[in-house]
Amino acid sequence: MSQTFARIGELAQFVSQTVTVRGWVSHLRSSGKVAFIVMRDGSATPLQCVLVKKQMPEEDWERFASLTLESSVVVTGEVRADDRAPGGFELGVSALGLFGASPLDYPIQPKEHGVDFLLDNRHLWLRSPRQVAIARVRHEVEQAIHDFFYERGFLRVDTPILTAAIGERAGLFETEYFDEGTAYLAQTGQLYGEAAAAAFGRIYTFGPTFRAEKSKTRRHLTEFWMIEPEMAWYDQAMNQDLQEEFVSYLVQRCLTRRAAELKELERDTSKLQTVRAPFPRIPYTDAVATLQGKGSDIKWGDDLGAEDEALLVADYDRPVFVCNYPKEAKAFYMKENPDDPRTVLCADLLAHEGYGEIIGGSQREDDHDKLLARIRHEGLPLDAYGWYLDLRKYGTFVHSGFGLGLERTVAWICGVQHIRECIAFPRMMHRVRP
RNA sequence: UCCCGAGUAGCUCAGGUGGUAGAGCAGACGACUGUUAAUCGUCGGGUCGGGGGUUCAAGUCCCUCCUCGGGAGCCA
């Protein structure tokens with residue numbers, strides 16, 4: 001007789017049939033002659049297995065007593081619908097096999113733990129339902145990003161991680177690069193994205209970036225994933241149109257396809273239902289005036305602090321653009337605002353509910369001489385930017401782009417307090433392992 | 001780098017004004033035929049982050065160092 005293997009997520013198709021499920025024990029309960037195994041196999045929901053002493057071989061029944069948390073098991077039984085089971089289906093066990101025993105010292109128990117302890121055990125923490133749910137939302141966001149751009153004719157370009165050029169002034173990780181001197185781990189793919197946009201029109205990058213900043217906040221990682229679209233012939237208004245359409249798409253797609261995971265995470269999805277284009281667009285100068293009215297001591301020319309951001313976003317039910325910052329507060333490659341040369345054509349997109357900046361974007365300076373002046377003004381090494389200036393020398397073009405922080409976006413959609421839970425193995429100032 | 005906060009059992013924590021440690025969970029054994037982080041009974045479990053000081057006596061007070069967390073700055 002052949003054996004039918006099934007994953008927990010597929011059990012609805014097997015009601016009244018006998019199947020074999022393989023996975024790991026996440027809870028054990030025993031009540032004399034009836035016992036329960038709650039097991040997990042990576043599906044969205046766990047599976048409750050019901051063992052009744054007189055309905056299974058003596059040997060298998062006794063095997064239950066030796067089971068421990070996180071043992072891997074092979075369970076055969078009849079699939080049946082039952083309201084008392086999480087997920088709506090359970091398995092009436094007729095055979096129980098132990099594949100890999102787990103010693104009694106499994107660190108993560110079904111109770112509260114401290115974050116530091118959990119991060120030390122991240123390789124095991126990943127198995128818990130909450131972490132599985134976050135990982136599945138992250139995957140949905142990633143796939144949605146690819147689908148969104150694929151449907152719109154964008155080309156995905158993978159930019160180098162080892163670079164000589166420096167995109168921004170934030171901290172850099174350095175490494176020896178043969179006889180070429182120092183190379184840096186990429187903190188943005190944007191400059192390469194601009195070159196690619198001149199070749200391919202509309203592109204996006206999707207890759208890891210590295211910041212050696214000694215940041216210790218719930219919004220920062222030293223290694224994080226960033227998505228950086230770059231579009232030829234897009235001005236800043238079109239850039240923002242695309243961003244709000246993009247972010248709305250990601251959120252709505254998670255709402256429809258990852259409802260079970262968001263429920264597991266106890267996310268208040270009413271806060272996400274409202275995320276639909278258009279988003280408010282607040283000029284920086286207006287934002288400063290509003291903030292001053294609310295009691296902030298911000299002055300024109302200052303960048304918005306974290307408190308200012310929260311204050312500004314509090315009035316809205318969806319993400320908010322803050323547009324056209326002072327030139328001195330922003331990166332050298334941003335295009336000067338023709339209506340107010342003190343500012344540049346850019347926007348930060350601030351997620352509501354206090355999740356902060358999830359996108360930074362701008363129209364790029366396309367005037368060769370202005371860009372050159374700006375590089376000199378910032379004191380950046382000119383020889384490293386020769387190829388970047390070539391993009392303005394040989395057929396310059398209007399173009400814009402933005403960078404979306406993947407973990408921040410996932411944290412916001414999931415309603416998770418700290419972005420370190422939104423990547424499988426977070427890299428932070430005090431943590432490189434596991 | 002700066003400002004707060006925390007280090008006590010495997011884990012989460014409690015330990016007014018100093019008198020050599022306690023709970024819950026986890027674990028072991030037992031009971032229970034539908035449990036949902038099951039429940040009930042019994043038992044085992046500790047260099048109180050390191051060092052120094054005050055004191056008859058320090059988990060507790062003082063100094064110092066270490067580690068970690070949160071926030072600021074920077075940014076996604």
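Just so you know, these numbers come straight off a predicted model, no measurement behind them.
- Among the nucleotides B:C74, B:U33, B:G34, the one closest to the side chain of A:V50 is B:G34.
- At the heavy-atom level, A:A35 lies nowhere under 4.0 Å from the strands shown.
- Between A:R218 and the phosphate of B:G71, there is a side-chain N or O to OP1/OP2 separation shorter than 4.0 Å.
- Nearest-nucleotide mapping onto RNA chain B: of A:Y106 and A:M429, the residue sitting toward the 5' end is A:M429.
- Checked for salt-bridge contact, A:R138 and A:E407 meet the test: a charged N lies under 4.0 Å from a carboxylate O.
- Per the geometry, NE2 belonging to A:H430 stands 9 Å off C1' belonging to B:G69, to the nearest Å.
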Query raised in the report: Taking it one step at a time, do A:H146 and A:Y204 satisfy ring pair (Phe, Tyr, Trp, His ring centres under 6.0 Å)?
Result: CA-CA 9 Å; A:H146 293 307; A:Y204 72 106; 5.8 Å; yes
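- Side-chain rings of A:W387 and A:Y192 approach one another, their centers coming within less than 6.0 Å.
- Looking at heavy-atom distances under 4.0 Å, A:G356 makes no contact with the nucleic acid at all.
- Distance A:R211 CZ to B:G73 P: 16 Å, rounded to the nearest Å.
- Of the C1' atoms belonging to B:A31 and B:U35, the separation is 16 Å, rounded to the nearest Å.
- For B:G34, its base sits under 3.5 Å from the side chain of A:R80 at one donor and acceptor pair at least.
- A:F332 and A:Y388 have perpendicular rings, their planes meeting at more than 60° on a 0 to 90° scale where under 30° would count as parallel.
- Among the nucleotides B:G69, B:G71, B:C75, the one closest to the side chain of A:R420 is B:G69.
- Residue A:I359 is in sugar-phosphate contact alone, with no base atom involved, counting any heavy-atom pair closer than 4.0 Å across all strands shown.
- By the 4.0 Å N-to-carboxylate-O rule, A:R374 lies too far from A:E365 to be salt-bridged with it.
- Rounded to the nearest Å, the gap between the C1' atom of B:C61 and that of B:A23 is 26 Å.
- Rounded to the nearest Å, the gap between the C1' atom of B:U39 and that of B:U33 is 14 Å.
- B:G5: Watson-Crick or G-U partner is B:C68, with both key distances under 3.5 Å.
- For B:G53 and B:G59, the P atoms lie 15 Å apart once the distance is rounded to whole Å.
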Query raised in the report: Should A:W300 and A:T285 be marked as a side chain to side chain contact (heavy atoms under 4.5 Å, CB included) after you check the CA-CA gap, both sets of side-chain angles, and the distance that decides it?
Result: CA-CA 7 Å; A:W300 200 97; A:T285 302; 3.0 Å; yes
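- A:D303 comes within contact range of the sugar-phosphate backbone alone, with a heavy-atom separation under 4.0 Å but no base atom that close.
- Of the candidate nucleotides B:G34, B:G73, B:A76, B:G34 has the atom lying nearest to any side-chain atom of A:F36.
- At whole-Å resolution of the value, CG in A:L304 and C1' in B:C74 are 14 Å apart.
- Of the candidate nucleotides B:A72, B:G34, B:C75, B:C75 has the atom nearest to the side chain of A:R408.
- One can place CZ of A:F64 at 15 Å from P of B:U35, the figure rounded to the nearest angstrom.
- Nucleotides B:A26 and B:C13 are separated by 14 Å at their C1' atoms, to the nearest Å.
- Taking every side-chain heavy atom of A:K33 into account, B:U33 is the closest of B:G70, B:U35, B:U33.
- The cationic group of A:R156 does not satisfy the cation-pi geometry with A:F154, failing either the under 6.0 Å distance to the six-membered ring centre or the 45° limit from the ring axis.
- Of the side-chain N and O atoms in A:H418, one or more sit less than 4.0 angstrom from OP1 or OP2 of B:G70.
- For B:G51 and B:U12, the C1' atoms lie 28 Å apart once the distance is rounded to whole Å.
- For B:G50 and B:C11, the P atoms lie 15 Å apart once the distance is rounded to whole Å.
- Put simply, CD on A:E307 is 13 Å from C1' on B:G73, counting in whole angstrom units.
- When distances are taken from the side chain of A:E357 to each of B:G73, B:U12, B:A76, the shortest belongs to B:A76.
- Base pairing annotation: B:U55 forms no Watson-Crick or G-U wobble pair, as no partner gives both donor-acceptor distances under 3.5 Å.
- Taking every side-chain heavy atom of A:E90 into account, B:G34 is the closest of B:A76, B:G34, B:A72.
- The base-pairing partner of B:A76, taking Watson-Crick or G-U wobble contacts with both distances under 3.5 Å, does not exist among the strands shown.
- To the nearest angstrom, C1' of B:U39 lies 12 Å from CZ of A:R29.
- Across all strands, A:K214 comes closer than 4.0 Å to base atoms (heavy-atom distances).
- B:G10 is paired with B:C25 under the Watson-Crick or G-U wobble criterion, all donor-acceptor distances under 3.5 Å.
- Atom pair A:K53:NZ and B:G34:C1' shows a separation of 17 Å (rounding to whole Å applied).
- Closest-nucleotide positions on RNA chain B for A:T217 and A:F117 were compared, and the one nearer the 5' end corresponds to A:F117.
- Nucleic acid contact for A:Q48: base, since at least one base atom lies under 4.0 Å from a heavy atom of the residue.
- In summary, of the residues considered (A:E266, A:E264, A:E421), a salt bridge (charged side-chain N to carboxylate O under 4.0 Å, His left out) with A:R130 occurs for A:E421 alone.
- Rounded to the nearest Å, the gap between the P atom of B:G69 and that of B:U60 is 25 Å.
- Across all strands shown, A:I358 has heavy atoms under 4.0 Å from sugar-phosphate atoms exclusively, and none from any base.
- For A:L51 and B:C32, the CG to P distance is 18 Å, given to the nearest whole Å.
- Proximity note for A:S30 (side chain, C-beta onward) versus B:A72, B:C32, B:C11: the nearest is B:C32.
- Applying the 5.5 angstrom centroid cut-off and the 30 degree plane-angle cut-off, the aromatic ring of A:F224 is stacked upon the base of B:A76.
- Using cut-offs of 30° and 60° on the angle between ring planes, the pair A:F149 and A:F246 is tilted.
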